[in-house]
*Asks:* 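Starting off with a structure, shown below.
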Amino acid sequence: MSVELKLTTQKPPAFYTRAAKSFLEGVPEKDGKPAKPPVDTVTLTALGNAINAAVSVATTLEKDDLVEVVSIKTKFTSVLGPIKRSPNMTIVLKRKGAIKRLSADFKVTTQATSPIEGQKPGTSGLRKKTKVFMEKNYLNNFVQAVFDALKADNVAIEGGTLVVSGDGRYWNKAAIQIIIKMAVANGVKTVWVGQDGLLSTPAASAVIRAREGGFTPFGGFILSASHNPGGLDEDFGIKYNCENGGPAPEKVTEQVFANTKTIKEYKICEGIPEIDITTPGSYDLDGKARVEVFSCTDDHIGLLSKVFDFEAIKKLVQRKDFSFVYDSMNGVQGPYAKRVFVDELGADPSCLMNAIPKEDFGGKDSPSHGHADPNLTYAVELVQKMGTNKVGEKVGDGSGVPDFGAAADGDADRNMILGKQWFVSPSDSLAIIAANATCIPFFKSGLKGCARSMPTSGALDLVAKKKKIPVFVTPTGWKFFGNLMDSGDEKYFPGKQSYVPFLCGEESFGTGSNHVREKDGMWAVLAWLQILASKNPDEKKKLVSVEEITKAHWKEYGRNYYCRYDYEGVDAGKAKEMMDGLVEKCKDLKGKEMDGMKVDKAEDFEYNDPVDGSVSSHQGINIVFTDGSRIVFRLSGTGSAGATIRLYLEKFEKPSGDLSGSQFEVVKPLAKLALEISDLPKLTGCDAPTVIT
């Protein structure tokens, strides 16, 4: 456990010393109040003249032999007033009783190796079958390639701090031990690991950005294959996130890939003993390195509590006429769901579904078949509980169905939102959150920017236009939102326009904001609960439902009927042949009449980053018709074997039009046309999509 004390000049140092001692020593049970266990870490933060108080508190506690001072950081912070900038100090104290000292052999072994084919990171890192990662040197090669790329880019690895954790899938814990030994061999001083090796992907970003005063680590390894199945015969993955908490940009991943093709050796300290990552604690390795094992939920939940009004949401959750369920799909989200919904918001534990993380996400015999992917196809239990079928249509009379339901994927960065017998598409969810953003404290002054991936429907654009908010269309991949979030930041892009507070999302069930640099499944669910709370301030009145909120949005902005067809496990060569053919066909499609529709634009999508000027080409085929309808083709980079072709279909209906149709039926004519244009069945042999969402 950890706690942060923000010191000011309004109270004397002795006050903060007593407060720190109470946290470090714990509080015994008294007058019926439960005992509070001691915390392991106290972080002191102070601005300007309060720095003297912070130094005094740290000195006193150290003299009392209660703590060790493990880090002191100073930086300048922008402040209001004529001074503009003021010094800021962060002092991290570790309770001595929590420090476990281990002897270790720090001899660095340089192991000979050779390149392994196919280690190119995709949009979400490197993903392969677990058994491939377990092969000799496979993980080691990639990790060393990352360290070498960082060193070449002058990243401060020597003496630095690294985060290493994952989504809990099979081989997660073993991989963490390997990376710890390699990190120390490459000069890393401190390694941070979430308890049980767990950190959701958004939590890893939060840890990098917020733990111990924020921006302490130079980056982190996230061990995850996201929504892909886990297990010995299933998938494993790894990706590197930078010091801003976001995925490594293309220039870094390209250098990593280049390094994997020329690697000759890697460094490792084989003499470091296995670290017990099941219990929070601080492991001192002969004073030369340190491994910190900490609660996986503290930093992320602490950050979310600053973004949302938990008290308002708590009132909604505790209404007698409101019920909800949350499905963690046996992924990493379980501990976070319990912490937020049960411990913070006071909900009954029965609201939690599949909240115990499992290495195989429940396995092939589970209703989801171990596929922790929050959509209508795989979140079978939740979909049934919410009174819908696999295409989002109502089933039954709705009796006993909860008012709100949501799900997370394996690493908890994705989300699915449902109301009573009502499915909210990810594109609509993003637009509705944007339209109601000011009810969220983090956005109370309004949005300054928003963005969507190119395949995502244009519903967000309609909101942005009406509210006069800049909107950007990027390639698929959360890393493309990072520059927009950091634009105007004096550390990354000084002098550029700032777009924060910022909202962004993708059709693939990913939504988030600039509070972290990853999509955030829990954030999206809390955003919806905040909107519901704002629409239902009086518990004496009838509950305004998710369905009513969605329909009201369509009445104001119109409806973007939208659907995605996934063709999984396609021969990579055939998939590429199809895409290459579409690139050629795009040159002649503009102006053509097809099934009563006229092509307005046909392009091989290219993104010119407005912040750093970089260009990303060949990001998908985008065919736009004059009535606003769209057909999009893209090859996905999130699979571990073969290729996945994604076909996106969109048809816009004005507010005065028919808003009550089934999205799956409305876009069927577009699907027929798309298959004719692409020759997909003929070229790939696929007669039907694997998944429709």
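In what follows, residues are counted from 1 in the order of the sequence shown. Note that the structure is predicted; figures quoted are calculated from it, not measured. No hydrogens, no waters, no symmetry mates; every other heavy atom, side chains included, goes into these values.
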*Asks:* Would E212 and K94 pass as an ion pair if we require N to O under 4.0 Å?
*Replies:* yes
*Asks:* Taking NZ, NE, NH1 and NH2 as the nitrogens, is one of them in D299 or R211 under 4.0 Å from a carboxylate oxygen of the other?
*Replies:* yes
*Asks:* May I ask you to decide if D276's main-chain N or O and Y283's side chain share a donor-acceptor pair within less than 3.5 Å?
*Replies:* yes
*Asks:* Could you check T693, D409, V691 and say which one makes a side chain to side chain contact (heavy atoms under 4.5 Å, CB included) with Y378?
*Replies:* V691
*Asks:* Could you check whether any side-chain N or O of T130 sits under 3.5 Å from a backbone N or O of G231, counting only pairs where one atom can act as donor and the other as acceptor?
*Replies:* yes
*Asks:* Looking just at side-chain N and O atoms, do Q144 and N259 make a donor-acceptor pair shorter than 3.5 Å?
*Replies:* no
*Asks:* Under a 4.5 Å cut-off applied to non-hydrogen side-chain atoms, are P202 and H300 in contact?
*Replies:* yes
*Asks:* What I want to check is whether the side chains of T644 and D566 have a donor and an acceptor closer together than 3.5 Å.
*Replies:* no
*Asks:* Could you please spell out the steps behind the side chain to side chain contact (heavy atoms under 4.5 Å, CB included) verdict for V143 and N186?
*Replies:* CA-CA 10 Å; V143 171; N186 278 275; over 6 Å; no
*Asks:* Would you find a donor on one side and an acceptor on the other, under 3.5 Å apart, between the side chain of R339 and the backbone of F341?
*Replies:* no
*Asks:* So which atom in G197 and which in I176 form the shortest heavy-atom distance, rounded to 0.1 Å?
*Replies:* CA-CD1, 3.5 Å
*Asks:* Does any N or O in the side chain of Y138 come within less than 3.5 Å of the main-chain N or O of Q119, such that one atom is a donor and the other an acceptor?
*Replies:* no
*Asks:* Spell out, as yes or no, whether a donor-acceptor pair under 3.5 Å connects the side chain of S205 to the backbone of G245.
*Replies:* yes
*Asks:* Which distance, rounded to the nearest 0.5 Å, do you find between the CD1 of I157 and the NZ of K189?
*Replies:* 16.0 Å
*Asks:* Taking A524's backbone N and O only, do any of them form a donor-acceptor pair with T511's side chain (distance below 3.5 Å, no angle check)?
*Replies:* no
*Asks:* State whether the side chain of T161 and the backbone N or O of T216 hold a donor-acceptor pair below 3.5 Å, judged by distance alone.
*Replies:* no
*Asks:* With a 4.5 Å heavy-atom cut-off, do T253 and F257 have their side chains touching?
*Replies:* no
*Asks:* Using the salt bridge (charged side-chain N to carboxylate O under 4.0 Å, His left out) criterion, which residues pair with R209? Sequence neighbours excluded.
*Replies:* none
*Asks:* Just by distance, with hydrogens left out, do T456 and E506 show a side-chain donor and acceptor under 3.5 Å apart?
*Replies:* no
*Asks:* Side chain to side chain contact (heavy atoms under 4.5 Å, CB included) for K129 and E234? Distances and angles first, verdict last.
*Replies:* CA-CA 6 Å; K129 290 298 180 182; E234 298 296 348; 3.9 Å; yes
*Asks:* Do the non-hydrogen side-chain atoms of L382 and M329 ever get within less than 4.5 Å of each other?
*Replies:* no
*Asks:* In Å, rounded to the nearest 0.5 Å, how long is the span from CG of N330 to OG of S366?
*Replies:* 7.0 Å
*Asks:* Could you grab the distance from atom CD of E292 to atom OG of S2, nearest 0.5 Å is fine?
*Replies:* 10.0 Å
*Asks:* Between A203 and Y336, what is the shortest heavy-atom contact and its length?
*Replies:* CB-OH, 3.3 Å
*Asks:* Run the side chain to side chain donor-acceptor pair (under 3.5 Å) test on D40 and S282 for me, step by step, so that the C-alpha distance in whole Å, both residues' side-chain angles and the decisive distance to 0.1 Å come before the verdict.
*Replies:* CA-CA 8 Å; D40 296 337; S282 180; over 6 Å; no
*Asks:* Using only heavy-atom distances, determine whether the side chains of S616 and E250 contain a donor-acceptor pair under 3.5 Å.
*Replies:* yes
*Asks:* For residues K491 and D489, report the shortest heavy-atom separation together with the two atoms involved.
*Replies:* N-OD1, 2.7 Å
*Asks:* Output, in order, the C-alpha distance, side-chain angles, deciding distance and verdict of side chain to side chain contact (heavy atoms under 4.5 Å, CB included) for L199 and I222.
*Replies:* CA-CA 8 Å; L199 276 180; I222 301 175; over 6 Å; no
*Asks:* A quick test of your reading: do over 12 heavy atoms of other residues, nucleotides or ligands sit less than 6.0 Å from NZ of K120?
*Replies:* no
*Asks:* Between K100 and D284, is there a salt bridge with N-O shorter than 4.0 Å?
*Replies:* no
*Asks:* Should S295 and Q195 be marked as a side chain to side chain donor-acceptor pair (under 3.5 Å) after you check the CA-CA gap, both sets of side-chain angles, and the distance that decides it?
*Replies:* CA-CA 5 Å; S295 164; Q195 185 177 359; 5.3 Å; no
*Asks:* In terms of ring plane angle, is the pair W523 and H515 parallel, tilted or perpendicular, where the classes change at 30° and 60°?
*Replies:* parallel
*Asks:* Would you say that W192 contacts V207 through its side chain, given a criterion of any heavy-atom pair below 4.5 Å between the two side chains?
*Replies:* yes
*Asks:* If you count heavy atoms of other groups shown closer than 6.0 angstrom to CG of N608, is the number above 12?
*Replies:* yes
*Asks:* Pair E507, R564 - check side chain to side chain contact (heavy atoms under 4.5 Å, CB included), show working.
*Replies:* CA-CA 9 Å; E507 51 69 37; R564 187 181 93 188; 2.9 Å; yes
*Asks:* Run the side chain to side chain donor-acceptor pair (under 3.5 Å) test against K306 and tell me which residues pass, sequence neighbours left out.
*Replies:* none
*Asks:* Just verifying a value: how many Å separate Q177 CD and I275 CD1, rounded to the nearest 0.5 Å?
*Replies:* 6.5 Å
*Asks:* Nearest 0.5 Å please: distance from the CD1 atom of I208 over to the CZ atom of F215.
*Replies:* 9.5 Å
*Asks:* Kindly indicate whether the side chain of K519, heavy atoms from C-beta on, has any atom under 4.5 Å from the side chain of N415.
*Replies:* no
*Asks:* Quick one: does T113's side chain get under 4.5 Å of N140's, heavy atoms only?
*Replies:* no
*Asks:* Have a look at N228 and tell me which of D373, D411, D235 forms a side chain to side chain donor-acceptor pair (under 3.5 Å) with it.
*Replies:* D235
*Asks:* Examine distances only and state if a side-chain atom of N241 and a backbone atom of G219 form a donor-acceptor pair shorter than 3.5 Å.
*Replies:* no
*Asks:* Pick one: which of R414, K479, K239 meets salt bridge (charged side-chain N to carboxylate O under 4.0 Å, His left out) with E518?
*Replies:* K239
*Asks:* What distance separates E381 CD from D327 CG, expressed to the nearest 0.5 Å?
*Replies:* 6.5 Å
*Asks:* Using modelled atom types and a 3.5 Å cut-off, is there a donor and acceptor pairing between side-chain atoms of R517 and backbone atoms of N514?
*Replies:* yes
*Asks:* With a 4.5 Å cut-off on side-chain heavy atoms, are W171 and L139 touching?
*Replies:* yes
*Asks:* Where do L223 and A175 come nearest, in terms of heavy atoms and distance?
*Replies:* CD1-CB, 3.8 Å
*Asks:* Do F147 and F221 have their ring centres less than 6.0 Å from each other?
*Replies:* yes
*Asks:* So which heavy atom on P374 is nearest to which on A379, and how close?
*Replies:* CA-CB, 4.4 Å
*Asks:* State plainly whether the residues K128 and E135 are in salt-bridge range, i.e. N to O under 4.0 Å.
*Replies:* no
*Asks:* Could R169 and D167 be called an ion pair, given the rule that one side-chain N must be under 4.0 Å from one carboxylate O?
*Replies:* yes
*Asks:* Any chance the side chains of D153 and Q255 put a donor and an acceptor closer than 3.5 Å?
*Replies:* no
*Asks:* Check whether K288 reaches the backbone of V184 with its side chain - one donor and one acceptor, N or O, closer than 3.5 Å.
*Replies:* no
*Asks:* Looking at every non-hydrogen atom in both residues, tell me the closest pair between L102 and P273 and how far apart they are.
*Replies:* CD1-CG, 4.2 Å
*Asks:* Give me the one residue out of F493, F481, F472 that meets ring pair (Phe, Tyr, Trp, His ring centres under 6.0 Å) with Y499.
*Replies:* F472
